[in-house]
**Student:** 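Can you read through this structure? Questions will come right after.
Labels below follow one simple rule: chain letters A, B, ... track the order of the sequence lines, proteins then strands, and each chain is numbered from 1. Everything quoted here is computed from the prediction, not taken from an experiment.
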Number of protein chains: 2
Amino acid sequence: MSLLEATCTDIVDTDEEAARVTQSLLDGKTKPRRSLGRLEDIACKIAAITRCPRPPLPSKAIVVMAGDHGVAQEGVSAYPSEVTRQMLLNFARGGAAINVLARQVGARLVVVDMGVRGSEEEIPGVLSRRVRPGTDNFVHGPAMSVADAVLALEHGIAIAQGLTESGVGVVGIGEMGIGNTTAASALLAAFSGTPPYAITGRGTGIDEATWLRKITIIRKALAVNPPAGKSALEILAALGGFEIAGLAGVVLGAASRRVPLVLDGFIASTAALCAAKIAPNAAQYLIASHCSVEVGHEIVLKALACDPLFDLGMRLGEGTGAALALPLVEAALRILDEMASFDEAHVTDTGR
Amino acid sequence: MSLLEATCTDIVDTDEEAARVTQSLLDGKTKPRRSLGRLEDIACKIAAITRCPRPPLPSKAIVVMAGDHGVAQEGVSAYPSEVTRQMLLNFARGGAAINVLARQVGARLVVVDMGVRGSEEEIPGVLSRRVRPGTDNFVHGPAMSVADAVLALEHGIAIAQGLTESGVGVVGIGEMGIGNTTAASALLAAFSGTPPYAITGRGTGIDEATWLRKITIIRKALAVNPPAGKSALEILAALGGFEIAGLAGVVLGAASRRVPLVLDGFIASTAALCAAKIAPNAAQYLIASHCSVEVGHEIVLKALACDPLFDLGMRLGEGTGAALALPLVEAALRILDEMASFDEAHVTDTGR
């Protein structure tokens with residue numbers, strides 16, 4: 001059995017009984033029942049995922065994967081492809097937004113080159129898992145072969161499983177790749193049947209003419225790579241990117257080890273949708289962070305049955321939304337662990 | 001001039017030019033323009049408040065004020081008045097939700113007894129600023145005298161100014177007081193003219209019969225203490241609480257020292273509305289954290305022109321929402337301080 005197959009087999013249903021025990025523990029804490037709202041939901045969800053009613057505070061990691069996209073040749077982005085590699089160097093030097101936020105929240109940041117164009121030279125501080133220097137332009141055929149998609153998925157699985165083996169208990173995912181909102185919109189159109197115009201956004205900040213071209217490109221991509229009758233893996237190969245496939249692998253790898261994943265924006269969430277199309281149980285291991293400005297994001301999150309925790313009008317990617325959600329995850333578990341019960345604190349409990 | 005008058009005089013307009021400089025600094029960072037959304041707004045707002053385009057990371061405090069309410073005699077809460085003092089003891093021992101969250105976010109927690117019923121004995125770890133052991137029942141007359149309202153306001157001012165003198169650069173506010181959603185709804189009705197049924201919620205978790213009684217009580221309170229022609233201070237005295245007046249004072253005190261305030265839920269936000277009715281410039285110093293389940297909260301925040309950052313379905317009070325917002329405030333300022341610019345990182349800037 002391949003690593004991909006074995007990993008998918010290991011992704012079991014989460015433990016709803018553990019979640020019920022957690023809710024009863026929270027109901028005994030010195031506060032009106034359910035008055036911490038979504039924080040209580042997070043605690044229960046992590047209990048279900050980890051099969052532990054009182055999960056320990058997890059060590060945190062954020063995996064940011066970068067890749068280039070052949071479709072960027074079509075002029076669908078406000079930035080040239082060179083920016084993917086430039087940003088990879090920026091990540092390596094600690095100057096990007098995700099570096100700042102990962103430091104703040106105490107998360108280990110793992111930056112992975114899944115297939116960025118430009119120099120073959122390895123960048124210190126960046127894990128090199130280059131499948132190829134950028135995907136093919138999917139308006140002319142599949143973005144990558146199925147074998148390359150499996151390779152990217154398995155790189156992601158191995159990275160996630162390595163992190164969980166080193167003690168990481170919650171994984172945020174993020175991405176960087178000029179052109180990758182086009183790939184994510186094409187994937188979402190293929191998986192959901194939603195017309196491209198309804199799920200194509202302004203990405204890094206394109207004007208209306210570029211936006212219309214982007215929609216046309218996605219329609220062409222779907223005509224050249226028709227999703228009907230294809231497996232999820234084949235659709236991912238046809239319309240995805242190396243960083244998207246890699247992140248789908250991270251989701252599968254963490255879920256197989258019963259570790260919760262914190263989503264970021266549209267692209268990272270679409271990667272998680274790909275994972276859930278490959279192994280449906282994986283959706284149970286996801287925590288949505290924010291709802292981004294990118295118009296398709298809400299639709300992906302609905303498809304995953306994940307309610308976002310906040311909407312701060314962000315659209316940067318890189319895992320920045322995931323990083324901001326990690327203190328909320330920590331808060332939920334600290335409440336469960338540290339708050340006094342009505343009994344312990346001698347506070348009158350009216351059961352309300 | 002009294003402390004209250006002097007403080008109100010010191011609350012000047014914030015510095016919009018500083019905010020513009022901050023936005024231009026953020027526009028030079030390695031990310032698409034405005035792609036960090038509300039985080040960028042927070043950074044600009046703090047720049048305007050502190051009159052510094054690149055404000056240092058502030059030391060954080062959360063002030064939680066507790067008080068009892070005569071109107072609790074009317075059976076408007078799911079909990080008896082004794083719980084206010086029991087919770088004060090819980091705060092003192094570190095077992096309440098706000099203790100857990102303040103510890104997590106590294107905020108100094110200042111718990112203040114503004115007028116809790118029960119033993120006169122001081123509680124170690126709780127600042128005693130007891131005006132009286134609970135307000136009078138405002139269905140029979142004013143909750144407190146104007147002199148007591150001024151005393152409570154000035155306690156809050158002195159506490160806030162003391163914190164800013166000791167180096168605190170951002171202040172979250174929270175409260176505890178059985179019956180205080182009834183007081184807050186009455187104050188909001190008086191200040192906004194909104195009918196009580198539209199701004200009266202379920203508080204700590206009352207049933208429908210109690211909810212209807214609560215609305216009736218608020219209508220009676222408004223009939224007994226008609227707001228027409230009264231000053232903001234007189235309305236606060238008639239329908240407020242000692243913790244609400246105290247928190248209004250904290251808002252005035254921090255604003256007078258150009259220190260931003262982070263609001264919590266319905267009651268804390270209503271206290272800020274009282275402050276803004278007394279000194280209108282104070283509204284410029286407020287950052288809303290969450291939007292709570294309590295139905296009047298959205299209306300208070302609109303009256304203050306404050307957009308909440310998140311809605312997690314919370315309704316606990318104590319400053320818990322403010323605590324969860326502090327990492328976002330910190331993130332905004334770290335982005336401004338630590339992120340590389342396009343120039344520094346040699347990333348192509350297309351100006352988008």
**Student:** If we define contacts as heavy-atom pairs under 4.5 Å, which of Val105(B), Leu328(B), Ile42(B), Asp41(B) has the most with chain A?
**Tutor:**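 Greatest number of close heavy-atom pairs with chain A: Leu328(B).
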**Student:** Please report the interatomic distance CZ(Arg38(B)) to NE2(His290(A)), rounded to the nearest 0.5 Å.
**Tutor:**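 One finds 14.5 Å between CZ of Arg38(B) and NE2 of His290(A).
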**Student:** Going by the rule ring pair (Phe, Tyr, Trp, His ring centres under 6.0 Å), which residues pair with His69(A) if we only count those two or more places apart in sequence or in a different chain?
**Tutor:**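 Ring pair (Phe, Tyr, Trp, His ring centres under 6.0 Å) check on His69(A) returns nothing, list empty.
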**Student:** Is chain A contacted by the side chain of Val347(B), its backbone, both, or neither, given a heavy-atom distance below 4.5 Å?
**Tutor:** both
**Student:** Would the distance check show the side chain of Arg352(B) and the main-chain N or O of Gly205(A) forming a donor-acceptor pair, the cut-off being under 3.5 Å?
**Tutor:** yes
**Student:** Tell me the closest heavy-atom pair linking Ala96(B) and Thr30(A), and the distance in Å.
**Tutor:**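 Answer, listing the atom of Ala96(B) first, then Thr30(A): CA-OG1, 4.3 Å.
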**Student:** Output the distance between atom CE (Met339(B)) and atom CG (Leu101(A)), rounded to the nearest 0.5 Å.
**Tutor:**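 Met339(B) CE to Leu101(A) CG: 8.5 Å, rounded to 0.5 Å.
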**Student:** Counting heavy-atom pairs closer than 4.5 Å to chain B, which one of Ser292(A), Pro32(A), Ala345(A) comes out on top?
**Tutor:** Pro32(A)
**Student:** Is Glu338(B) in contact with chain A via its backbone, its side chain, both, or neither, using a 4.5 Å heavy-atom distance?
**Tutor:** both
**Student:** Within this structure, what is the CG-CD1 distance for the pair Asn99(B) and Ile335(A), rounded to the nearest 0.5 Å?
**Tutor:**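 If I round to the nearest 0.5 Å, the distance is 9.5 Å.
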**Student:** Roughly how far, to the nearest 0.5 Å, is the CD atom of Glu82(A) from the NE2 atom of His346(B)?
**Tutor:**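 Nearest 0.5 Å value for the NE2-CD distance: 16.0 Å.
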**Student:** Restricting to pairs with a member in residues 305-323 of chain B, which pass salt bridge (Lys or Arg N to Asp or Glu O under 4.0 Å), not counting sequence neighbours?
**Tutor:**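 Found none.
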**Student:** I want to check something: taking the side chain as every heavy atom from C-beta on, are Thr204(B) and Ser35(A) in contact at a cut-off of under 4.5 Å?
**Tutor:**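 SC-SC contact between Thr204(B) and Ser35(A) ruled out.
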**Student:** Looking at Ile206(B), Leu309(B), Asp349(B), which has the largest count of heavy-atom pairs under 4.5 Å with chain A?
**Tutor:**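 Top count of heavy-atom pairs under 4.5 Å with chain A: Leu309(B).
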**Student:** Atom CG in Leu312(A), atom CG in Leu36(B): separation rounded to 0.5 Å?
**Tutor:**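 Going from the CG atom of Leu312(A) to the CG atom of Leu36(B) covers 9.5 Å.
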**Student:** Is it the side chain or the backbone of Asp207(B) that comes within 4.5 Å of chain A heavy atoms, both, or neither?
**Tutor:**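 Interface part for Asp207(B): both.
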**Student:** Using a 6.0 Å cut-off, check whether atom CZ of Arg117(B) has over 12 heavy atoms from anything other than its own residue.
**Tutor:**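 Incorrect, the count does not exceed 12.
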**Student:** Would you compute the distance between atom CZ of Arg34(B) and atom CG of Leu316(A) and round it to the nearest 0.5 angstrom?
**Tutor:**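 Answer rounded to 0.5 Å: 12.5 Å.
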**Student:** Checking Arg103(B) against chain A: side chain, backbone, both or neither under 4.5 Å from a heavy atom?
**Tutor:**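 Looking at Arg103(B), just its side chain touches chain A.
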**Student:** Heavy-atom pairs under 4.5 Å with chain B: which of Gly317(A), Pro80(A), Pro327(A) has the most?
**Tutor:**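 Winner by heavy-atom pair count: Pro327(A).
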**Student:** Between Thr350(B) (side chain) and Ala78(A) (backbone), is there a donor-acceptor pair under 3.5 Å?
**Tutor:**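 It does hold such a pair.
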**Student:** Yes or no on side-chain contact (heavy atoms from CB on, under 4.5 Å) for Val100(A) and Asp337(B), after CA distance, side-chain angles and deciding distance?
**Tutor:** CA-CA 9 Å; Val100(A) 175; Asp337(B) 185 47; over 6 Å; no
**Student:** Write out, in numerical order, the residues from residues 319-326 of chain B with a heavy atom short of 4.5 Å from a heavy atom in chain A.
**Tutor:**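 Residues in range: Thr320(B), Leu324(B).
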**Student:** Would you find more than 12 non-hydrogen atoms of other residues, nucleotides or ligands less than 6.0 Å from Glu298(A) atom CD?
**Tutor:** no
**Student:** Quick check on the structure: residues of residues 86-94 of chain A within a heavy-atom distance below 4.5 Å of chain B, by number.
**Tutor:** Gln86(A), Met87(A), Asn90(A), Arg93(A)
**Student:** Measuring heavy-atom distances to chain B, does Glu330(A) have an atom under 4.5 Å in its side chain, in its backbone, in both, or in neither?
**Tutor:**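 Glu330(A) touches chain B through backbone and side-chain heavy atoms alike.
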